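Keep in mind that this is a model prediction, so the values were computed, not measured.
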Amino acid sequence: MISDFISLVFPRTCINCNISLISKEEIICTSCKLDLPVTNDHLHPQNDLFQKFAFEPKVKSASSFIYFYQRGITQKLLHHLKYQKKKEIGFLLGTWFAHNLNHLAIDLILPVPLHSQKQRKRGYNQSEFFARGIAEILALEVLEDGVTRATSTTTQTKKSKLKRWADMENVYSKASDEVRNKRLLVVDDVITTGATIGMLCNRLVEAQAKEIHIAAIARSK
């Protein structure tokens, strides 16, 4: 009764279509959830995302939950997650996506770090909440400080692939000894060229990580 009363006074609505959510729905309605542009990357080990990291033998898999489209439901979810302080979106998507990863042997989950200045401004790392959603389902530990982002970069959205890789070359510090001989799941919110995670993987390999698996909320098609 209390829940129904709160919903009446402060109605919960779908982020995508704005209709009222029923009691068991979270963030988006069932209809919009069914319309999510899922990639099914986990069913195709040699998928397009994995090919971005095929240069590194220790990267064993790569998958994203949904495709990113301009002005689509994915963009709305990510906008609310990153800029509207809707941290629960990252956690929820992580719990949904985790079921696609339960075939992997993983020791630790490592969210892609933000630079400290950007994290202070935003108040949180959106990738960490995605990681925590996955960890909740798979009963794994999240390693928050496995790698530090040493320098901040400007937005990568409109840069060429070559420019993105050049910008990321020295952006991460040495990885923690905690990753040594560990099978890691590295998670991010969006992957486009793969420059951000590619350079992070270099640091993990230098620290003698055993295996690297990559997961993201979304990727470009």
Members sharing Tyr69's hydrophobic cluster (side chains within less than 4.5 Å): Tyr67
Straight-line distance of Ser20 OG to Asn18 CG, nearest 0.5 Å: 9.5 Å
Donor-acceptor pair, side chain of Lys85 and main chain of Arg122, under 3.5 angstrom: yes
Side chain Thr148, main chain Ser173, donor-acceptor under 3.5 Å: no
Distance, nearest 0.5 Å, that separates CG of Asn47 from CZ of Arg219: 5.5 Å
Leu104 side chain reached by Leu138 side chain, heavy atoms, under 4.5 Å: no
Geometric class of the Phe130/Phe97 ring pair [parallel <30°, tilted 30-60°, perpendicular >60°]: parallel
Distance, nearest 0.5 Å, that separates CD1 of Ile134 from CG of Leu93: 9.5 Å
Any donor-acceptor N/O pair, Gln46 side chain to Gln51 backbone, under 3.5 Å: no
Between NE2 on residue His103 and NE2 on residue His42, distance to nearest 0.5 Å: 7.5 Å
Non-hydrogen atoms of Thr193 and Lys52 that approach each other most closely: O-CD, 3.7 Å
Non-neighbouring partners of Glu26 that pass side chain to side chain contact (heavy atoms under 4.5 Å, CB included), sequence neighbours left out: Leu92
Joint hydrophobic cluster, Val186 plus Leu101, side-chain heavy atoms closer than 4.5 Å: no
Donor-acceptor pair, side chain of Glu56 and main chain of Phe53, under 3.5 angstrom: no
Cluster check Ile89, Trp96: I/L/V/M/F/W/Y, side chain < 4.5 angstrom: yes
Taking every non-hydrogen atom, the tightest pair across Gly133 and Thr95: O-CG2, 3.5 Å
Leu140 side chain near Leu185 side chain, heavy-atom distance below 4.5 Å: no
Hydrophobic cluster of Tyr124, others only, ordered by chain and residue number, side-chain cut-off 4.5 Å: Phe129
Separation of Asn40 CG from Ile66 CD1 (nearest 0.5 Å): 12.5 Å
Full working for side chain to side chain contact (heavy atoms under 4.5 Å, CB included) between Leu36 and Lys33: CA-CA 5 Å; Leu36 286 173; Lys33 182 179 179 182; 4.2 Å; yes
Atom CD of Glu178 with >12 non-hydrogen neighbours under 6.0 angstrom: no
Donor-acceptor pair, side chain of Lys24 and main chain of Leu21, under 3.5 angstrom: no
Under 3.5 Å donor-acceptor, Lys221 side chain and Thr39 backbone: no
same_hphob_cluster(Val112, Leu78) at 4.5 Å side-chain heavy-atom cutoff: no
Lys86 atom NZ, over 12 foreign heavy atoms within 6.0 Å: no
Cationic N near anionic O, under 4.0 Å, Glu136 to Arg132: no
Verdict with reasoning, Asp35 to Asn16, per side chain to side chain contact (heavy atoms under 4.5 Å, CB included): CA-CA 10 Å; Asp35 284 340; Asn16 188 53; over 6 Å; no
Side chain to side chain contact (heavy atoms under 4.5 Å, CB included) evaluation trace for Leu77 with Ile28: CA-CA 9 Å; Leu77 288 168; Ile28 60 174; 4.0 Å; yes
Heavy-atom check, side chain of Asp145 versus side chain of Ser176, under 4.5 Å: no
Qualifying residue for side-chain hydrogen bond (donor to acceptor under 3.5 Å, both in side chains) with Asp41, from Ser63, Ser64, Ser61: Ser64
Shared hydrophobic cluster, Leu204 / Ile191 (ILVMFWY, side-chain heavy atoms < 4.5 Å): yes
Working for side chain to side chain contact (heavy atoms under 4.5 Å, CB included), residues Asn102 and Ile137: CA-CA 9 Å; Asn102 56 17; Ile137 300 301; over 6 Å; no
Over all atoms of both residues, closest heavy-atom pair of Thr192 and Ser220: CA-OG, 3.9 Å
Which atom of Arg12 lies closest to which atom of Glu25, heavy atoms considered: NH1-O, 2.9 Å
Greater than 12 external heavy atoms within 6.0 Å of Lys210's NZ: no
Closest approach of Val147 to Pro113 (non-hydrogen atoms, all atoms of both residues): O-CG, 3.4 Å
Non-hydrogen atoms of Asn125 and Ser127 that approach each other most closely: OD1-N, 3.0 Å
Minimum side-chain heavy-atom gap Lys174-Glu206 below 4.5 Å: no
Side-chain heavy-atom pair Ser31, Ile19 within 4.5 angstrom cut-off: no
Spatial distance of atom CG (Asp189) from atom OG1 (Thr74) [nearest 0.5 Å]: 12.0 Å
Phe50 and Val59, any side-chain heavy atoms less than 4.5 Å apart: yes
Arg120 and Gln117, any side-chain heavy atoms less than 4.5 Å apart: yes
N/O donor-acceptor pair under 3.5 Å between Gln75 side chain and Gln70 backbone: no
Shared hydrophobic cluster, Leu49 / Val187 (ILVMFWY, side-chain heavy atoms < 4.5 Å): no
Minimum side-chain heavy-atom gap Leu200-Leu110 below 4.5 Å: yes
